[in-house]
Amino acid sequence: TYINTLLRICRVFTQYRLNDSIDTYLDEALERARAGGYKHQEFAALDMYAILLASRKEYAKSIENHQKVLKAWEEMNNSRGLSITYNNLGRTYHNIQAYEKAHEYFLKSLKIAEQLEDLESINYSYQNIAMILALLDQHEEAIDYRRKVVAYAKKHKDPFTEAVAYHGI
């Protein structure tokens, strides 16, 4: 749908840190989702907005928005949404150096991703957990997670992810 396309554009802008360009697309996605009663897209847009707030160092607002989105995903029984938002919330806590809290959310995301057998989300969780464990000086465990990322990358013929994972070992 058009709303999903707008959200994909926002994700690309976020990846390349073009945060000033996101507002227009995000506002339109949110407006169209609300007008059409598309709850899934509405909360995906709100989660993206929370990421944007974090990128602007408005961490308290970001966390508040992520929490609202988590509540909505729970009410909708949307496990995939929960997994994604837990990872995003973990990244926000990482940004404010609340590493234990970040670790907690990354583990929640991983648990759901494993239940869903969502390999891409599992791999993303592995990467985040490895990063946080290294920051918590739990290097052996971090290396174990990096090895899982390497295995994923080899299986899916993803040399970039494999190189990044080896860099952390």
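Below, all heavy atoms of this structure are taken into account, side chains as well, without hydrogens, waters or symmetry copies. Bear in mind that the values here come from a model prediction, so they are computed numbers and not experimental data.
- Considering only heavy atoms from C-beta on, L30 stays 4.5 Å or farther from Y49 through its side chain.
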Next on the checklist: Evaluate K71 against Q67 for side-chain contact (heavy atoms from CB on, under 4.5 Å), listing each step before the verdict.
Outcome noted: CA-CA 6 Å; K71 185 177 179 188; Q67 293 292 353; over 6 Å; no
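- Taking a cutoff of 4.0 Å between a charged side-chain nitrogen and a carboxylate oxygen, E42 and K39 qualify as a salt bridge.
- One distance of note links OG of S79 with CD1 of I112; it measures 6.0 Å at 0.5 Å rounding.
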Item to check | R91/N87 under side-chain contact (heavy atoms from CB on, under 4.5 Å): CA gap, chis, key distance, verdict | outcome: CA-CA 6 Å; R91 296 293 296 190; N87 246 325; 5.6 Å; no
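- Figure legend: cation-pi geometry between K155 and Y152 absent, as NZ or CZ is not positioned both under 6.0 Å from the six-membered ring centre and within 45° of its axis.
- Inter-residue side-chain proximity for V149 and Y145 is flagged as unmet; no heavy-atom pair is nearer than 4.5 Å.
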Item to check | Residue pair E75, W73: steps toward the side-chain contact (heavy atoms from CB on, under 4.5 Å) verdict | outcome: CA-CA 5 Å; E75 290 172 0; W73 291 142; over 6 Å; no
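- Atom OH of Y2 is separated from atom CD of Q41 by 14.0 Å, given to the nearest 0.5 angstrom.
- A 4.5 Å side-chain heavy-atom check between I51 and H66 finds at least one atom pair inside the cut-off.
- The two residues A29 and I3 make their nearest non-hydrogen contact at O-CG2, 3.9 Å.
- A donor-acceptor contact shorter than 3.5 Å links the side chain of N65 to the backbone of K61.
- Under the 4.5 Å side-chain criterion, counting only non-hydrogen atoms from C-beta, Y59 is in contact with K57.
- Note that the NE2 atom of H94 and the CE atom of M131 stand 4.0 Å from one another [nearest 0.5 Å].
- For D27, there are no salt bridge (Lys or Arg N to Asp or Glu O under 4.0 Å) partners, not counting sequence neighbours.
- The closest side-chain heavy-atom distance from Y93 to I63 is below 4.5 Å.
- Note that the OH atom of Y126 and the CD atom of E114 stand 5.0 Å from one another [nearest 0.5 Å].
- Under the side-chain hydrogen bond (donor to acceptor under 3.5 Å, both in side chains) criterion, R11 pairs with no residue, sequence neighbours left out.
- Note: N78 CG to R80 CZ = 9.0 Å, rounded to the nearest 0.5 Å.
- By the 4.5 Å heavy-atom criterion applied to side chains, L6 and R32 are counted as neighbours.
- In this structure, NE2 on H40 lies 7.0 Å from CG on N4, to the nearest 0.5 angstrom.
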Checklist entry - Going through the checks in order, is the side-chain contact (heavy atoms from CB on, under 4.5 Å) test met by D23 and L52? => result CA-CA 9 Å; D23 291 313; L52 179 61; 3.3 Å; yes
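- Heavy-atom minimum distance, N95 versus A54: ND2-CB, 4.4 Å.
- For the pair A50 and S62, the tightest heavy-atom approach, listed with the atom from each and the gap, is O-OG, 2.7 Å.
- A151 meets the side chain to side chain contact (heavy atoms under 4.5 Å, CB included) test with no other residue; sequence neighbours excluded.
- At a threshold of 4.5 Å between non-hydrogen side-chain atoms, the residues N88 and M48 do not count as touching.
- When all heavy atoms of G90 and A102 are compared, the pair lying nearest together is O-CB, 3.3 Å.
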